[in-house]
Amino acid sequence: MCYLIQDAENGTLLALKLGFSHLDSAPIYENEASVGKAISSSGVPRERLYVTTKYDGGDIEAELRKSLADLGLDYVDLYLHHHPKLSEGGDHAKAWKEFEKVQEKGLAKSIGVSNFGVADMEAIFASKPKILPAVNQIRLHPYNYAESKPLLDLCASHNIVIEAFRILYPLTRAPGGAVDVVIEKVAQRIGGTPAQVLFKWALARRVVVVTTSENEDRLVQYLNTFSLADLTSEEIDEIDAAGAKGSPPESNLGPVATEQVAAIAARLGIQRF
Ligand SMILES: NC(=O)c1ccc[n+]([C@@H]2O[C@H](COP(=O)([O-])OP(=O)(O)OC[C@H]3O[C@@H](n4cnc5c(N)ncnc54)[C@H](OP(=O)(O)O)[C@@H]3O)[C@@H](O)[C@H]2O)c1
């Protein structure tokens with residue numbers, strides 16, 4: 001469960017109460033302090049949580065220490081390099097060495113990357129790292145699955161876990177495409193919702209889903225996904241084939257980017273995080 005909003009305290013508390021344990025934050029979302037407040041007031045023991053935060057530029061160890069102070073934690077379970085454009089001078093090997101140091105110091109149990117493409121991953125591998133990225137957190141949904149396949153295969157060949165955001169893209173941002181008809185049909189067969197079918201599609205690919213909602217019914221629905229029947233290989237192929245037909249235009253840009261997020265995205269030369 002993760003929140004691209006500044007005050008995530010209530011949403012995080014609700015998610016923890018319902019049984020979520022994986023929290024994903026980032027300084028660029030300005031939500032670490034509120035996630036930290038929710039953690040401390042929830043009463044959930046630290047060791048039952050899996051807390052991720054991300055590197056958004058600057059000195060890597062100093063930035064992680066700042067994040068830990070905001071979260072009120074001694075360590076994070078996963079520290080992610082948020083975007084390849086944040087490596088100073090484009091030098092991923094140098095940045096990754098700093099990531100290895102923060103893991104060795106115990107500030108992060110695991111380290112990983114986000115939004116890294118094939119060439120970015122190859123640059124890390126070529127540097128003969130002591131520690132491989134544990135995770136690559138990327139945008140993934142049926143409409144970009146085919147183009148993402150080489151990256152998924154490369155990560156799989158190095159045992160790097162894929163975490164996916166934007167899984168709900170066909171529902172939340174680009175409704176009306178070929179995928180909708182298929183996920184609606186599969187939802188009826190398994191007695192679930194189209195969102196649960198998209199989660200099942202991701203789980204069938206051994207992908208960790210990173211999503212967000214402040215709506216209690218949806219949060220419960222997400223947790224219940226695991227008890228639904230798995231998709232058949234024919235259904236997975238049908239979703240892939242529908243995705244390969246191409247996405248309709250994005251009609252909903254999703255949670256409003258804060259001015260800070262928009263400014264940093266502009267500095268990096270990307271549309272938005
Ligand atoms: N690593 C990165 O670069 C990166 C980039 C983007 C996002 N992320 C992370 O991934 C998280 C998820 O982002 P996302 O882009 O994947 O969000 P998303 O799931 O596309 O959108 C979430 C929004 O959609 C609504 N929603 C949830 N379920 C829905 C459903 N079944 N039908 C209709 N609307 C629904 C939610 O509203 P309600 O609250 O009303 O349910 C929420 O505002 C973010 O919070 C962020 O932390 C990471």
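Whatever order the structure lists them in is the order used to number ligands and atoms, beginning at 1. All values derive from a computational prediction rather than experimental measurement.
In this structure, Gln221 falls outside the shell of residues with a heavy atom less than 4.0 angstrom from ligand 1. Using a 4.0 Å cutoff on heavy atoms, Tyr222 counts as a contact of ligand 1.
Per-residue contacts place Ser114 under 4.0 angstrom from the following atoms of ligand 1 (heavy atoms of the residue considered): 1 (N), 2 (C), 3 (O). Residue-ligand proximity, Asn215 to ligand 1, at heavy-atom distances under 4.0 Å covers atoms 41 (O). Close approach to Gln137 involves these atoms of ligand 1, each under 4.0 Å from a residue heavy atom: 1 (N), 2 (C), 48 (C). Listed by number with element, the atoms of ligand 1 under 4.0 Å from a non-hydrogen atom of Ala195 are 31 (N). If you number the atoms of ligand 1 from 1 as listed, the ones under 4.0 Å from a heavy atom of Thr211 come out as 12 (C), 19 (O).
In summary, Glu235 and Lys185 do not engage in a salt bridge, as defined by a charged side-chain N under 4.0 Å from a carboxylate O.
Residue Thr212 holds the heavy atom nearest to atom 17 (O) of ligand 1 of all those in Thr172, Leu219, Thr212, Asn136. Proximity annotation for atom 40 (O) of ligand 1: of Arg218, Glu214, Arg139, Arg218 comes nearest, heavy atoms only.
A donor-acceptor contact shorter than 3.5 Å links the side chain of Gln196 to the backbone of Gln221.
Side-chain heavy atoms closer than 4.5 Å link hydrophobic residues (I, L, V, M, F, W, Y) into clusters, and following such links, even through other members, never connects Ile162 to Val135. Residues Ile138 and Leu132 share a hydrophobic cluster, clusters being chains of Ile/Leu/Val/Met/Phe/Trp/Tyr side chains in contact below 4.5 Å.
The cationic group of Arg46 lies under 6.0 Å from the six-membered ring centre of Tyr75 and within 45° of the ring axis, placing it in a cation-pi geometry. Tyr145 carries Arg205 over the face of its six-membered ring, with the cationic atom under 6.0 Å from the centre and within 45° of the normal.
Relative ring orientation between His81 and Phe99 is described as parallel, the plane-to-plane angle staying below 30° on a 0-90° scale split at 30° and 60°.
Not less than 6.0 angstrom separates the ring centroid of His141 from the ring centroid of Phe165.
Polar contact check, His82 against ligand 1: a nitrogen or oxygen pair lies under 3.5 Å apart. Where the criterion is an N or O separation shorter than 3.5 Å, residue side chain and backbone included, Arg166 meets it with respect to ligand 1. Between Tyr169 and ligand 1, not a single N/O pair is under 3.5 Å apart.
Of all the heavy atoms of Asn115, the ones lying under 4.0 Å from any atom of ligand 1 belong exclusively to the side chain. Residue contacts with ligand 1 for Ser213 involve both N, CA, C or O and side-chain atoms from C-beta outward (heavy atoms, distance under 4.0 Å).
A side-chain N or O of His92 and one of Ser87 form a donor-acceptor pair less than 3.5 Å apart.
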